[in-house]
There are 2 protein chains.
Amino acid sequence: MIDSKGVDAGLLQTRYRLTKQRAAILRALEDGAHLTAETIHERVRAALPAVSLGTIYRTLDILRAIGLVQVFAHGGAARYEAALDKHHHLVCASCSEIVNIPAPQIAALALSIAQDHRYSGVDAALVVTGRCARCAGLARNGASTTGG
Amino acid sequence: MIDSKGVDAGLLQTRYRLTKQRAAILRALEDGAHLTAETIHERVRAALPAVSLGTIYRTLDILRAIGLVQVFAHGGAARYEAALDKHHHLVCASCSEIVNIPAPQIAALALSIAQDHRYSGVDAALVVTGRCARCAGLARNGASTTGG
DNA sequence: CTCTCTGCAAAGCATTTGCACATTG
DNA sequence: CAATGTGCAAATGCTTTGCAGAGAG
């Protein structure tokens, strides 16, 4: 997986080349999780102003194929994060806060479901949606809760 | 919820009007599950040739807000289905077959996770991805598995 | 009759792609 | 040097929206 000293190792083990753009994208993914392609673009631009959004998408797609990156859809745009560990997500419907949750029991459940239906090569994604304490509090006061 | 004799009851209990377009959309949703907006459009057109895609989207959005319809994203386009019961999905990564799975234990797990993080009004969606037996078999023979 | 809905067509986002040039290994 | 990657900009696919006329209650 990704390691702070050897972020790039993953790529080096493939036919893909390690360009400065890709290294920057991997670094951006280390800093924050659940990032939008556009957010990643902004962050990468800090180091490499000329990088295009197209390159971000192409690279993220490669990283996902290799298994270095995990994607998860929320609110129109896809969210990307480094595939450090297997986890699921708890999302606030109001402010879109995203919390990682371990839920290790899901893996076994998914496997059992898959076997029942003769599916192989299984993966599972659980998304729990609700309202965080802060947003629930604001809602009680009748205030708008949209935003971060 | 939706009943074969009273599909429309849900709408009638709201401020929304029951138009022939909406009735047709509800009926299309009874027939098949996991439908794309475009598929629903085609089906509705059989009865009402002039219906526009825009109306399909507007209606589906209302039905979701009321709770008559459940959405679930897969492969670019959103999939819609009547909210008859709470269930989850098993999806074949090759042919995109979608199987409904009950997994009642998820609700309790989601609730417990939500409580841990002081979230309220919780809902959970589990998507299990894998390769169905047929696609796995075809893959073994080196044939293309896309489609179906 | 009033308020809501509809069709149409244009707009809006997120994402993908073709191409000529730049870069990596 | 050969193969792969990049920027740019146009194209795509799904979904949303403004508007004027049509229809529901």
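In the text below, chain A, chain B and the rest are named by the order of the sequence lines, each starting its count at 1. Owing to the predicted nature of the structure, the values given are computational and were not obtained by experimental measurement. Below, each value reflects all heavy atoms present in this structure, side chains not excepted, and no hydrogens, waters or symmetry copies.
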Could you tell me the separation between the [atom1] atom of [X] and the [atom2] atom of [N], rounded to a whole number of Å?
| X | N | atom1 | atom2 | answer |
| --- | --- | --- | --- | --- |
| A:D61 | D:dT6 | CG | P | 13 Å |
| A:K20 | C:dG25 | NZ | P | 12 Å |
| B:L60 | C:dT6 | CG | P | 12 Å |
| B:I62 | D:dT17 | CD1 | C1' | 14 Å |
| B:H41 | C:dT6 | NE2 | P | 12 Å |
| B:I56 | D:dT17 | CD1 | C1' | 16 Å |
| B:R58 | C:dA9 | CZ | C1' | 11 Å |
| B:R17 | C:dC1 | CZ | P | 15 Å |

Between C:dC5 and B:R22, counting only base atoms on the nucleotide and side-chain atoms on the residue, is there a donor-acceptor pair under 3.5 Å?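 Side chain to base: no pair below 3.5 Å.
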
On the side chain of A:R15, is there an atom forming a donor-acceptor pair with the base of D:dA3 - under 3.5 Å, no angle test?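 Between D:dA3 and A:R15, which were checked side chain against base, a qualifying N/O pair under 3.5 Å is absent.
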
Taking a hydrophobic cluster as the set of Ile, Leu, Val, Met, Phe, Trp and Tyr residues connected by side-chain heavy atoms closer than 4.5 Å, whether directly or through intermediates, do B:L53 and B:L29 fall within one such cluster?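 Yes, B:L53 connects to B:L29 through the hydrophobic network.
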
Any donor-acceptor pair under 3.5 Å from B:K86 side chain to B:P104 backbone: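 No, B:K86 side chain to B:P104 backbone: no donor-acceptor pair under 3.5 Å.
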
Of all residues at least two apart in sequence or in a different chain, which pass the side-chain hydrogen bond (donor to acceptor under 3.5 Å, both in side chains) check with B:D61?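 Only B:R64 meet the side-chain hydrogen bond (donor to acceptor under 3.5 Å, both in side chains) criterion with B:D61.
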
Ignoring backbone atoms, test whether B:T55 places a side-chain nitrogen or oxygen under 4.0 Å from the OP1 or OP2 oxygen of C:dG7.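 So the side-chain polar atoms of B:T55 do come within 4.0 Å of the phosphate oxygens OP1 or OP2 of C:dG7, strictly under.
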
If you compare every side-chain N and O of B:T19 against the phosphate oxygens of C:dT6 (OP1, OP2), does one of them come in below 4.0 Å?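 For C:dT6, OP1 or OP2 has a side-chain N or O of B:T19 closer than 4.0 Å.
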
Hey, mind stepping through A:R43 and A:T39 against side chain to side chain contact (heavy atoms under 4.5 Å, CB included) and telling me if it holds? CA-CA 6 Å; A:R43 295 196 180 195; A:T39 304; 4.0 Å; yes

Should we count CD of A:E38 as having more than 12 external heavy atoms under 6.0 Å?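 At most 12 heavy atoms, drawn from other residues, nucleotides or ligands, come within 6.0 Å of this atom.
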
Pairs under 3.5 Å (N/O, protein and nucleotides 13-15 of chain D):
| from | atom 1 | to | atom 2 | distance (Å) |
| --- | --- | --- | --- | --- |
| D:dT15 | OP1 | B:A78 | N | 3.0 |
| D:dT15 | OP2 | B:Y57 | OH | 2.2 |
| D:dT15 | O5' | B:Y57 | OH | 3.2 |

Checking contacts here: which listed nucleotide (D:dG5, C:dC5, D:dG7) is nearest the side-chain heavy atoms of A:Q21?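 Nucleotide nearest to A:Q21's side chain: D:dG7.
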
Please tell me which of the listed nucleotides, D:dG5, D:dT6, C:dG7, lies nearest to the side chain of A:Y16?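 My answer, after comparing the listed nucleotides, is D:dG5.
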
For B:H89, all residues meeting ring-ring contact (aromatic ring centres under 6.0 Å, His included), sequence neighbours excluded: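 Scan of B:H89 (ring-ring contact (aromatic ring centres under 6.0 Å, His included), adjacent residues dropped) gives B:H34, B:F72, B:H87.
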
Between A:S120 and B:R131, do the side chains contain a donor N or O and an acceptor N or O under 3.5 Å apart?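 Absent: no donor and acceptor within the cut-off.
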
